[in-house]
Amino acid sequence: MADTNISGLDMGPTIEWYKNSGLSISYSTKNKPLPYNVENSQHIGLAEEDLAKLFYLFPKNARKRSILEKIVGQPEAWFHKDSTQENPIPIPNRDEALSPTAIIPSYVDFLKWKQTGVPSANIVLYKLPKDLVPKDIGKIILSEGFIHELGHTIVQPAFYVDDYTLKMPDGKLVNGLDAMLQFAQLAEQHPPISHYASTHRGKCNKFESDDPEYKPKTGISEELCESIAAYYLGFAYCGDDKRSRNPFADRPEIREYVHNFLNAKLAGKEK
Ligand SMILES: [Zn+2]
């Protein structure tokens with residue numbers, strides 16, 4: 001039987017936990033402008049200065065590796081009720097949604113990369129429905145989403161660009177894909193770091209599924225981007241209050257991995 005664990009697409013439990021947990025965002029203290037264009041900012045519940053302060057949480061080497069081109073605001077969106085883990089379907093209203101709280105906060109768009117072959121990405125941040133998400137909670141959701149998607153603009157090249165080599169902080173050279181598989185091995189020793197990441201795990205916490213459409217690289221990438229968000233925010237909603245507030249308590253080696261991966265420098269082409 002196929003795994004159809006798509007409850008991670010419903011933000012309801014996450015929103016409730018955010019409301020009750022008294023969380024706040026730790027921004028970068030760097031006072032620099034965002035080096036990217038923001039389009040349709042009227043839809044984005046975060047000011048450009050907030051986005052800049054989140055962007056500068058990332059170390060220089062990670063910022064330089066990011067293939068981000070621009071940030072785009074979009075009207076409200078939900079996951080359609082026929083969404084699957086491999087095929088999430090966005091729709092502009094809640095009538096046909098998986099549930100009223102199956103809202104989409106953010107997305108990373110690699111269409112141009114697919115069309116041109118040149119690595120690039122846009123981050124899409126969606127307007128959040130006011131009746132479901134109070135403004136301060138919306139800021140937490142969008143901050144998490146922005147850091148997660150920014151993570152993808154750094155992680156995806158390591159997966160998919162040929163001859164991608166990272167020089168780790170200890171000086172070792174590591175192939176990008178090998179670095180990702182190393183992360184997968186570490187991550188499989190633990191349950192998913194967040195409720196959202198749980199959508200992509202199979203039996204015994206493995207990145208596998210009976211679903212023929214399942215792509216392990218997608219699952220690994222989602223777990224890593226959720227781990228990157230947890231690293232900067234200090235929380236990751238996973239259903240367990242204690243672990244949500246201290247997401248690396250049971251996995252210090254993953255925190256160390258995230259630190260090293262983000263501080264690694266692009267070593268250039270192999271050969
Ligand atoms: Zn993602």
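Quick note: numbers below take in every heavy atom, side chains included, and nothing from hydrogens, waters or symmetry partners. Remember, it's 1-based here, ligands and their atoms both numbered in the order they're listed.
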Taking the Zn ion (ligand 1) as the reference point, name the nearest N/O/S atom of Glu222.
OE1
Nearest to the Zn ion (ligand 1) - the N/O/S atom of His148, by atom name
NE2
Please answer whether the main-chain N or O of Glu16 pairs with a side-chain N or O of Asn20 as donor and acceptor at a distance below 3.5 Å.
yes
Ser83 side chain vs His80 backbone, donor-acceptor pair below 3.5 Å
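Here the side-chain-to-backbone pair exists.
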What about the rings of Phe110 and Tyr160, do their centers lie closer together than 6.0 Å?
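No, too far apart.
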Phe58 ring center near Tyr232 ring center (under 6.0 Å):
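Yes, close enough.
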Just wondering, is there an N, O or S atom on His152 that's nearer than 2.8 Å to the Zn ion (ligand 1)?
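Coordinating: yes.
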